[in-house]
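As structure tokens, the structure follows; a few thoughts come after it.
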Amino acid sequence: MGLIHILPLPIRLPLIRAALATARAAREPAWRRPRPSHSPGPLIVSGFLGEALGVGRAGDATADALETAGFTVERRSLRPGQKAIWSPGSKPPVAQRPGGVWLIHANAPEAEVALMAHDPADWAGRYRIGYWAWETTQAPPDWARVAPWLDEIWVPSQFTADAVAATLAQAGRADLADRLRVMPHPIVVPELDTARPDPFGLEPGVTHALVMFDGRSAFARKNPWGAIEAWVRAFPEARPGVRLLIKGSNLAIDPASRRRLTDLSAGRSDIRLIEAELSEAELWRLLAGIDLFISLHRGEGFGLVAAEAMALGKPAVLTGWSGVMDFADDTCAALVPYRLVEARDPSGAYRQGQWADPDIDAAARQIQDLIDHPDKAQALGARGAARIAGLNQAWSAETLSARPFASLIDNSDRRPVP
């Protein structure tokens with residue numbers, strides 16, 4: 001499988017999907033044998049933990065929130081299992097102790113890999129939770145085949161819940177929709193070390209707007225070009241004291257899209273591309289240093305970075321659609337109107353459903369308005385911070401303890417809430 005990673009995404013993704021379907025077909029008969037009922041045990045969180053991925057950062061935040069609520073969490077990376085499914089022989093248990101709860105913080109394909117990578121006789125006795133996010137009106141059809149093997153499916157927004165429910169209904173498994181639970185990502189602002197030198201070269205006295213995205217999340221969905229176009233329409237000539245930062249990572253994954261990005265910003269002294277992978281602390285410091293956050297996305301399962309920027313009191317210009325609508329409205333964010341279009345993604349990651357086509361002219365007016373009226377921007381940011389603070393109620397000790405999974409965690413695996 002190593003050589004497959006050098007192939008372009010439109011070729012690579014179908015090959016990976018076909019290989020996983022073949023592996024799944026070989027293993028699923030063993031999953032259908034009689035299994036023991038759930039029994040108490042540890043709380044295991046598996047994910048792309050510690051990685052500079054949106055799903056990795058969200059997994060870390062989930063594990064942290066569970067620990068803050070008083071649970072002891074055993075953290076497991078999903079990476080070893082992704083290799084193990086191609087190895088012959090028996091598979092290892094999820095953890096040394098049996099039973100309890102296994103939370104797989106990754107989308108359905110990665111959850112399926114996790115199931116294939118571990119001994120089904122072991123995980124059958126664990127209460128299994130998936131944590132999924134999706135960004136168009138309909139999740140991929142093959143997600144429906146993974147849902148029956150999970151006792152709950154957590155999703156970060158009502159938008160994702162609706163997208164998964166639509167797929168389950170189309171597959172004739174609408175009965176599984178009651179396993180969906182909306183659990184917004186926990187947003188906890190860390191203590192920021194402002195004494196350290198600024199690593200991003202933000203200029204004192206300059207108003208900085210920020211667009212942030214990862215090339216692995218699909219350029220077409222994140223739509224950084226739309227933000228640049230809106231900026232140029234707002235300011236046809238570079239304005240002194242105003243800058244647009246385009247912070248991107250893993251841009252080399254799509255060279256053509258990266259070239260489009262640089263071509264759009266060429267000749268503009270007020271637009272700066274920051275191509276780097278940031279640590280968690282660096283990301284928060286960058287968000288703390290900017291004055292305006294812009295996301296003209298076509299779809300978000302939640303909108304983690306937008307929520308983090310708002311938590312810091314930063315005014316946000318956002319496409320007024322998809323997962324961000326669980327924490328953003330016209331009172332706390334500048335929402336850009338849009339029209340729904342069929343999802344068209346050259347990378348092949350999105351092949352069904354609809355997503356948004358944001359109104360670039362309207363976005364330009366909102367960007368200009370917030371930059372020209374800093375008092376208005378500051379008030380909008382303050383209301384956004386208050387809205388984000390309310391999301392964490394879903395992760396309180398009281399709320400989590402009332403969930404079905406909590407009764408399957410050994411009392412010995414709990415610690416007093418701080």
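Counting begins at 1 with the first residue of the sequence. All figures in this text were calculated on a predicted structure; none of them were measured in a lab.
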Determine, for [X] against [Y], whether the closest basic-nitrogen to carboxylate-oxygen distance falls under 4.0 angstrom.
X: Glu308; Y: Arg57; result: yes
X: Glu275; Y: Lys247; result: no
X: Glu300; Y: Arg221; result: yes
X: Glu67; Y: Arg75; result: yes
X: Arg243; Y: Asp270; result: no
X: Glu135; Y: Arg298; result: no
X: Arg145; Y: Glu112; result: yes

Would you check if the side chain of Thr399 reaches a backbone N or O of Gln393 as a donor-acceptor pair within less than 3.5 Å?
yes

Quick one: does His208's side chain have a donor or acceptor within less than 3.5 Å of a partner on Val206's backbone?
yes

What verdict does the side chain to side chain contact (heavy atoms under 4.5 Å, CB included) test give for Asp329 and Arg387, after you've listed the backbone C-alpha separation in whole Å, the side-chain angles of each residue and the deciding distance to 0.1 Å?
CA-CA 10 Å; Asp329 59 25; Arg387 176 65 64 85; 2.8 Å; yes

Using the ring-ring contact (aromatic ring centres under 6.0 Å, His included) criterion, which residues pair with His185? Sequence neighbours excluded.
Tyr131, Phe302

So, taking the atom named [atom1] in [X] and the one named [atom2] in [Y], what distance separates them when rounded to the nearest 0.5 Å?
X: Ile388; Y: Arg383; atom1: CD1; atom2: CZ; value: 13.5 Å
X: Ile153; Y: Arg179; atom1: CD1; atom2: CZ; value: 7.5 Å
X: Leu244; Y: Ser265; atom1: CG; atom2: OG; value: 9.0 Å
X: Gln352; Y: Thr136; atom1: CD; atom2: OG1; value: 5.5 Å

Only pairs at least two apart or in different chains count here, so list each ring pair (Phe, Tyr, Trp, His ring centres under 6.0 Å) that has a residue in residues 382-403.
Trp154-Trp395

Could you tell me if Arg128 sits above the aromatic ring of Trp149, with its cationic atom closer than 6.0 Å to the ring centre and no more than 45 degrees from the axis?
no

Tell me, with the steps shown, if Gln138 and Gln170 meet side-chain hydrogen bond (donor to acceptor under 3.5 Å, both in side chains).
CA-CA 10 Å; Gln138 186 174 343; Gln170 188 176 63; 2.6 Å; yes

Are Trp355 and Tyr338, when compared by the centres of their aromatic rings, separated by less than 6.0 Å?
no

Going by side chain to side chain contact (heavy atoms under 4.5 Å, CB included), name the residues that satisfy it together with Val94, two or more places apart in sequence or in a different chain.
Ile44, Trp102, His118, Asp122, Trp123, Arg126

Answer yes or no: does atom CD of Glu342 have more than 12 heavy-atom neighbours from other residues, nucleotides or ligands under 6.0 Å?
yes

Between Trp231 and Ala209, which heavy-atom pair has the shortest distance, and what is it?
CZ3-CB, 3.7 Å

